[in-house]
Structure formats: C-alpha cells, structure tokens
Amino acid sequence: MTRLHVISAATRPTSSGRPLAAWVADRARAHGGFEVTPVDLAEIALPFLDEPEYASSGVYAHQHTRDWSALVSSADAFLFVLPMYNGGFTAPFKNAVDFLYGEWQGKPVGLVSYSAGGTGGAPAAEMLLPVLTRLGMLPAGRSVAVPGINALVGEAGFEAPAGLTDELDGVLDDVAALAKEPAAV
Ligand SMILES: Cc1cc2nc3c(=O)[nH]c(=O)nc-3n(C[C@H](O)[C@H](O)[C@H](O)COP(=O)(O)O)c2cc1C
C-alpha cells in the first residue's frame, strides 16, 4: 500500500477547503491502493521558518520541525489540497514546504486546487509546480481545479460537482503509477 498524505494547505479557521480535503481523502480511500492520512496544516501550526540550518542539512533545532519532518517522512506520496490567494499559492503553505527538503524528494504529488472564482485555483497549482520539481518531487501529469468553492461547501460538507470524482481518480491513478516506478539510479 502506498502511504498517501492528503495535506489540506489552508490555515484559516473558516477554510472552505477543509471539507473539500476531507472529501478528497475519502475518495482516495475509495480508490484503493492507498493508506490515507489526512493532514491539516492549521493543526500543524508551524511558525515562520525559524531553523538556523538549511533544511537540506536535515539538522533541526526545533521540535515542531522534527515533528513535521517525521510526518512528511512517513508518506510515500502526497495530495496537496490548496487554495488560491491573490492569484497564487498561500504563504503558510510555502513556508511549510520550505521547512523540509529531503523529506519531499522523489515522492509523487497530486494537486487539487480551489478558489472562490472561476479558475479553481489553477494558477496557484501552476505556480507551485516549479517549486515541487526544484524539490525533486514527482508531480502527477493531471491535476484538479475546483472553482466556486464557497457554493460547494455546506453543513453536509463538500458537495462534489458532476465529473469531479472521475477527475480526482485520474490524479490518483497518476500518483499510483508514479509511486510504483522504480527509483532512478
Ligand atoms: C487573501 C485571499 C486572497 C484571495 N484571492 C483570490 C483570488 O485571487 N481569486 C479567487 O478566485 N479567490 C480568491 N480568494 C477567495 C478564496 O479562493 C476562497 O475564499 C477560498 O475559500 C480560500 O480558501 P480557504 O477558505 O481554504 O482559506 C482569496 C481569499 C483570500 C483569503
């Protein structure tokens, strides 16, 4: 089983993305082949990057970094569920990514973006791709963008529009395929 961490990148207490991330985690379980761990970045509650050494050293002075490192290390692959703020990815999420280095390397990642407007946060996902490749991650060829997020979230949670399940399954197929590929030598 591929250990898949579904990271909800939002930190606002009223995040509309949290119910979406819960739905994504459920779908990933239903897909099969994944041992799914939901991760809520708001609960991780990292400060601004405060490590004296580069993350590439793997030398961490702070317990919050060691905990974050252990959590990310325990994953074989990721889905990032990320909101778009002002046309890009969010500062707290980039901060959380920058805390670590080797823990991300060589691992497949699928992107599920969302926004209030019509783009579904696709520009934020596009902006993140060079960061992920710089880190040596393996981004899935397909991604999912969810527009109009606020209208899709209610008391019952996230209500998926028609076709979204199939789109997400495509991303999960890509992540599964990347996770099965033998490591490059
Ligand atoms: C600081 C900020 C900037 C935003 N910028 C955009 C934007 O550029 N385009 C857009 O469609 N929605 C924008 N939104 C709306 C968010 O996409 C929407 O509120 C979404 O629910 C945010 O994710 P969250 O609820 O998980 O924080 C912005 C929201 C915030 C808080």
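Only this structure's heavy atoms are used, side chains among them; waters, hydrogens and symmetry mates stay out. Values in this document were obtained by computation on a predicted structure and should not be read as measured data. Ligands are counted one by one from 1 in listed order, and the atoms in each one are counted from 1 as well.
Side-chain atoms of T2 and D76 include no donor-acceptor pair closer than 3.5 Å.
The residue T11 has no part lying near ligand 1, judged by heavy-atom distances below 4.0 Å. Residue contacts with ligand 1 for M84 involve both N, CA, C or O and side-chain atoms from C-beta outward (heavy atoms, distance under 4.0 Å). Contact annotation: for S15 versus ligand 1, heavy atoms closer than 4.0 Å belong to both the backbone and the side chain.
Residue A10 places no N or O, backbone or side chain, under 3.5 Å from any N or O of ligand 1. Looking at ligand 1, you'll find an N or O of N86 within less than 3.5 Å of one of its N or O atoms. Residue G87 places at least one N or O, backbone or side chain, under 3.5 Å from an N or O of ligand 1.
Scanning the protein for heavy atoms near atom 19 (O) of ligand 1, the closest one is R12 NH2, 4.0 Å. Regarding atom 31 (C) of ligand 1, its nearest protein heavy-atom neighbour is Y85 CE2, 3.8 Å. Of the protein's non-hydrogen atoms, A116 N, 3.7 Å is the one closest to atom 12 (N) of ligand 1. Looking only at heavy atoms of the protein, atom 11 (O) of ligand 1 is closest to G117 N, 2.8 Å.
More than 12 heavy atoms of other shown residues, nucleotides or ligands fall within 6.0 angstrom of atom CD in E51.
W68 places no side-chain N or O within donor-acceptor distance of the main-chain N or O of L100, the cut-off being under 3.5 Å. In this structure a side-chain-to-backbone donor-acceptor pair under 3.5 Å is missing from S15 to R12. In this structure, the side chain of R27 does not engage the main chain of T165 through any donor-acceptor pair within 3.5 Å. In this structure a side-chain-to-backbone donor-acceptor pair under 3.5 Å is missing from K94 to V131.
Those atoms of ligand 1 with a heavy atom of S16 less than 4.0 angstrom away are 21 (O), 24 (P), 25 (O), 26 (O). Counting the atoms of ligand 1 from 1 in the order shown, those under 4.0 Å from a heavy atom of N150 are 21 (O). Near I149, meaning under 4.0 Å from any of its heavy atoms, are these atoms of ligand 1: 20 (C), 21 (O). Listed by number with element, the atoms of ligand 1 under 4.0 angstrom from any heavy atom of S115 are 10 (C), 11 (O), 17 (O).
The hydrophobic cluster containing M127 also contains I7, counting ILVMFWY residues as joined when their side-chain heavy atoms lie under 4.5 angstrom apart, directly or transitively.
Aromatic ring centres of Y114 and W23: separated by at least 6.0 Å.
Classified by interplanar angle (parallel below 30°, tilted 30° to 60°, perpendicular above 60°), the ring pair H62/H64 is parallel.
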